[in-house]
Amino acid sequence: MDGSKGKPEVDLERMRHSCAHVLAAAVTKLYPQAKLGVGPAIADGFYYDIHTPTPLTSEDLPAIEAEMRRIRERKLPFVREEVAIDDAIAFMKSTHQDYKVELLDLLKSRGSTAAKGLDDPNLFENPAAGVSSVSLYKLGEFVDLCRGPHVEHSGQVGAFRLMRVAGAYWRGDNRNPQLTRVYGTTWANEADLKAYLFRLEEAEKRDHRKLGVSMGLFHIQEEAPGTVFWHPKGWTLFRTIERYMRTKLDNDGYVEVKTPQLVDRVFWEKSGHWENYRDAMFVAKPGKEGEEEDRLYAIKPMSCPGAVQIFRHGQRSYKDLPLRMAEFGACHRYEPSGALHGIMRVRAFTQDDAHIFCTEDQIPDESQKFCDLLRDIYKDFGFADLRVKFSDRPEQRAGSDEIWDKAESALEKGSSAAGLATTRNPGEGAFYGPKLEFVLRDAIGRDWQCGTLQVDFVLPERLDASYIGEDGAKHRPVMLHRAILGSFERFIGILIENYAGRLPTWLSPIQARMIPIADRHVDFAKDVARRLAHMQLPNGEGGVRIDIDASTERMQKKIRNAQIEQIPYMLVIGDKEAEAGKVALRLRSGKDLGAVTVEEAFERIAAEVGTRADIPVAP
RNA sequence: GCCGCAGUAGCUCAGGGGUAGAGCAGCGCAUUCGUAAUGCGCGGGUCGGGGGUUCAAUUCCCUCCUGCGGCACCA
């Protein structure tokens, strides 16, 4: 908040909410048959859900916005009026505001309009069930059910802009009719509004879908919706991350496995997936047309049932526990078409999955160990800001209360021992156990949930996993599902957006580019490139990933191209360098480090790769 | 999946009932250059697929696909 500089404090939320009323007033004026849903303030602005006989489209927005400006100019007062709830219902009925009537009925009977997971902050809430009166706000002719508060008059709603329309289900339930949600943004003044729009444009430039394609990392095409074609550079990035993760897991006591992609549906029936997720699973029926094999296979949507098969193959002893079984599992899920988003939400993805088979007593230690590992890894990728959500027992759940008590406290113990504070997510756990969800914050303040740690005492039961205990009897292991990156695809998308394409050197598909100034320098440049490619970088990264721009372009153009590709190091070679056997080192920040020996250049790159440092960028 | 919008050259985009145009990229030639764009030339498109209306459709209509913004979903 900057209320500094003697400026009057601005209550943006109040302005935004009032702006939603101005929008509603404008719409009801232009479309008298409009029925209103809810219209809260949200981050950066507001929305209002509206039903009109023919749905509003973006083409209608300019006229609505113009009407809103007229209302702003008239400086109409917001007038609060407390009325008996039955009077309010009668009034809303008389104006055919069916949705408002529905809300009022809820208020009357339950004292709250809370829908699942989302309670509308703009409406009256009464802890005691049932309310007898509600507040209405008048703005000129327009009357709305609302808790307030509002600015004094419509001249104070600030600088706004209607942004877009979208469909939204009434009360967030897809069985309900869909209203048109009009989104707007509101700021204290025109300058702030402009700054916001500028920020949006900047965020758009980070979009991994554009950057990833222009950086030559991957593409997606029509015939394979929601699945990624990884190009050489993108796959280099993928493999770099995979190699890094593998090393981390090797050092942390994991074993790695690979389980089948196609498994008979009978197997998924046993695991329970067929029943719950059949619609979201890809299936395959092999064989000649008309003579297909009489079995239906499903492509695995997740790796855990496969891991259990390996666990239960042969006998396990308590001495084998905890058994940390990792798999970079390629999973396929038939995600709803509207959910697909670049490489962040896809139908084929690779989880950095692992299943820890352990005893109940081992859960706290394993949780702590995992939290430590996860934080360590996030730090290496440049994410220091981490928060943890703790989702506890849902209403619908398997397992006794004792077991839940144990699992929940074990998870809490583990995360707090790792020095992580958790926020509670009541009732949001899986039916099979509680979970921790790890959320990282990126460079422009967006949150991404990536990691997860879930306790599961159902699947070992369903798939009959057991081990022989110290007592010689069979016992049921607990299974911890855990992921750090979540999926490689999504995590790479996050990395691209976090770094705006300027990946740290250790992750850059091309770390250095040779730029010979003239043809006569090409041979020397090739020689330098060869040498650097054969020197061993730390962390088992292999040689420097280097290429050479031997085109007939001018040096300036080659530099520009390397800049656009965000290559961390440019090694320029002309007569002076060839003579001295050196290279002129230029950073993508624009900094010119002058002529250095090949060894010096290597040391510099190696140091950066070794610390996984992010290179400072030009302002 | 639902609501709304969009799909024209590899990319960004203009155009519009009479079978298309720019910039960048690509290719060719010339240039051999000192830290973010050398010049000239050339090629490139079933205007997302299918159907309909029309003498004529890339343009209008229907439908499917894909994408975009949300909603719903995310084991």
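Owing to the predicted nature of the structure, the values given are computational and were not obtained by experimental measurement.
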Side-chain heavy-atom pair A:L197, A:M163 within 4.5 angstrom cut-off
yes
Is the NZ or CZ atom of A:R16 positioned over A:W187's six-membered ring, under 6.0 angstrom from the centre and within 45° of the axis?
yes
Can you tell me if the side-chain N/O atoms of A:R586 get under 4.0 Å from OP1 or OP2 in B:rU35?
no
Readout for nucleotides 1-6 of chain B: B = base within 4.0 Å of protein heavy atom, S = sugar-phosphate only, - = neither; 5' to 3' it is BBBS--
Is it true that A:E327 and A:K300 make a salt bridge, defined as a side-chain N closer than 4.0 Å to a carboxylate O?
yes
On RNA chain B, compare the nucleotides closest to A:Q556 and A:R164; which residue's is nearer the 5' end?
A:Q556
First of A:T552 and A:G342 reached from the 5' end of RNA chain B, by closest nucleotide
A:T552
Looking only at side-chain N and O atoms, does A:K210 come under 4.0 Å of OP1 or OP2 in B:rU12?
yes
Please list, for nucleotides 44-47 of chain B, all pairs of protein and nucleotide N/O atoms separated by less than 3.5 Å.
none

Each base of RNA chain B marked ( ) or [ ] if paired in-strand (Watson-Crick or G-U under 3.5 Å), | if paired to another strand and . if unpaired gives (((((((..((((....[..)))).(((((.......))))).....(((((..]....))))))))))))....
Whole-Å C1' distance, B:rG44 and B:rU38:
24 Å
Counting only side-chain heavy atoms from C-beta out, which of B:rG34, B:rC74, B:rA25 sits nearest to A:R333?
B:rC74
Indicate whether the side chain of A:E275 and that of A:W268 have a donor and an acceptor atom separated by less than 3.5 Å.
no
Would you call A:L23 and A:E67 a side-chain contact if the rule is heavy atoms closer than 4.5 Å?
no
Between A:E428 and A:K435, is the closest basic N to carboxylate O distance under 4.0 Å?
no
Of the candidate nucleotides B:rU32, B:rG7, B:rU38, which contains the atom at the shortest distance from the side chain of A:E222?
B:rG7
Would you call A:E565 and A:R513 a salt bridge, taking side-chain N to carboxylate O under 4.0 Å as the test?
yes
What does A:H481 touch in the nucleic acid at a heavy-atom separation under 4.0 angstrom: a base, only the sugar-phosphate, or nothing?
nothing
May I ask you to say what A:E553 touches in the nucleic acid, namely base, sugar-phosphate or nothing, with a heavy-atom cut-off under 4.0 Å?
base
Whole-Å gap separating C1' (B:rG69) and CE (A:M344)
16 Å
Mind checking A:K576 for me? I need base, sugar-phosphate or nothing, with any heavy atom below 4.0 Å counting as a touch.
base
Report yes if a donor N or O on one partner sits less than 3.5 Å from an acceptor N or O on the other, where the partners are the side chain of A:R345 and the base of B:rC73; otherwise report no.
yes
Ranking B:rG67, B:rA37, B:rU12 by distance to the side chain of A:P225, first place goes to B:rG67
Among the candidates B:rA36, B:rC74, B:rU32, find the nucleotide nearest to the side-chain atoms of A:Q563.
B:rA36
Between A:E608 and A:T505: side-chain donor-acceptor atoms closer than 3.5 Å
yes
